Amino acid sequence: MYSANSSEQELIAKHLEALAVKYDASGQSLPSYLEGLLHANYLTYWNYAQIDTLLTLQNPRTDFPDEMIFVLYHQITELYFKAIIWEMEQLIHQEEPNDPIFLMKLGRITRYMKHLVHSFDVMVDGMEPAQFLKYRMSLMPASGFQSFQFRKIEILATSFHHLLGNEHKDKFNAESNVSDIYEHIYWRRGATELATGKKTLTLKQFEERYSQAFLSIAAEVKDRNLYALFQKHYATSTLKDKIVQELKDFDALLNIDWCLSHYKSAVRYLAREAQPVNATGGTNWQQYLPPRFQRIIFYPELWSEAEKAEWGKSWVVANVGQRTTKNG
Ligand code: HEM
């Protein structure tokens, strides 16, 4: 027979009382739940983190060993995207503005982005180009271009009109209708066929699956995306300078550093031949992926004109330019 000492007995009685109140409030029987505890198994690490299921999700389409790295790293990236969206949504749905929490969560977001930027070498240096050039042919017309979460991060980060293609940037503003803006969203340009100028299958499938979702998210966060929140609640905060710095870091990490780390992998694998290889999505990637072409800037109001004019340029010279010369 188990005998508890007096302080344990006191604690057990206290917990039982609290549990009785909790279960009673929802019309449940505490004794039945206590009996359930008798039969329930202890939690294990592998069940909690669903490791067995997680490890069934990597299914390359070919037998080239390096395709596993390609699948794994896409999934790792999507998990980080999920972590970023998790933080963004908490800020967007927060009932009361809270300056330290806004700053703290922006800090988490930029930290995740730094991990993604640094770890992109897993792609750039971690696969054999000869294998990549073969297994990629089995993946058409799929492309990371079709990442729903990447687009969702963009939409939650800024006013929808900041995602317009260059030639439409001045025609709309934060108040414009989201469907009108969506017609000219910048990413369409990255998924038009080189030869005909028509939408690629990659884009058609992507739009069929997600356009409705993008439109409803964009409408939902029209006044609550991160920049709208900043303007409404934090532009006069005592933490303003730090918040602005985090927003700018996030902007540069995603729209310059990540894009260029990613572009570096496209150069590494697709620009090895005398003629650059077409991407699996069939796009004009060389005129699309470098940030200096699309010039997507989440927070243009926070950058100087000189910084915007140089968007993405120095990084290209310092990194991609050297790599192309070395391998080309
Ligand atoms: C060897 C590795 C990679 C290569 C060569 C590559 C190549 C490309 C190319 C050429 C495009 C342009 C669209 C197309 O024609 O398909 C693209 C778009 C994209 N890829 Fe990758 N990619 C790689 C890895 C990744 C990874 C690991 C992710 C992580 C999710 C990713 C996410 C994206 C995204 C989000 C876009 C759209 C970018 C934008 O619209 O600005 N890619 N990729």
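Order of appearance sets the numbers: ligands from 1, and atoms from 1 within every ligand. FYI, side chains are in, hydrogens and waters are out, and symmetry mates aren't considered; it's all heavy atoms of this structure. Predicted, not measured: the structure shown is a model, and the values here were computed from it.
- The M127 neighbourhood of ligand 1 comprises atoms 1 (C), with distances under 4.0 Å to a heavy atom of that residue.
- The closest heavy-atom contact to atom 3 (C) of ligand 1, among the options S147, S261, A271, S265, comes from S265.
- Judged by the shortest distance from any of its heavy atoms, Y80 lies outside the 4.0 Å radius around the atoms of ligand 1.
- Within ligand 1, the atoms closer than 4.0 Å to a non-hydrogen atom of F150 are 35 (C), numbered from 1 in the order shown.
- Ring-plane geometry between W311 and W303 is classed as perpendicular, the angle between the planes exceeding 60 degrees on a 0 to 90 degree scale with a lower cut at 30.
- One N or O on the side chain of E307 and one on the backbone of S304 form a donor-acceptor pair closer than 3.5 Å.
- Near F132, meaning under 4.0 Å from one of its heavy atoms, ligand 1 places the atoms 1 (C), 5 (C).
- Y135 and F70 have tilted rings, their planes meeting at an angle from 30° to 60° on a 0 to 90° scale.
- Aromatic ring orientation, F250 versus Y299: tilted (interplanar angle from 30° to 60°).
- Classified by interplanar angle (parallel below 30°, tilted 30° to 60°, perpendicular above 60°), the ring pair Y73/F120 is perpendicular.
- Relative to atom 16 (O) of ligand 1, the option among G144, S143, G190 with the closest non-hydrogen atom is S143.
- For atom 40 (O) of ligand 1, the candidate residues are F145, W187, Y288; the nearest heavy-atom contact is made by Y288.
- Between atom 38 (C) of ligand 1 and the options M140, H74, R151, the minimum heavy-atom separation is to R151.
- Taking only non-hydrogen atoms, the option from R136, H262, Q146 nearest to atom 20 (N) of ligand 1 is H262.
- Using a 4.0 Å cut-off between charged nitrogen and carboxylate oxygen, E154 and R151 count as a salt-bridge pair.
- Close approach of ligand 1 to Y73 (heavy-atom distance below 4.0 Å) involves ligand atoms 27 (C).
- Using cut-offs of 30° and 60° on the angle between ring planes, the pair F206 and Y210 is perpendicular.
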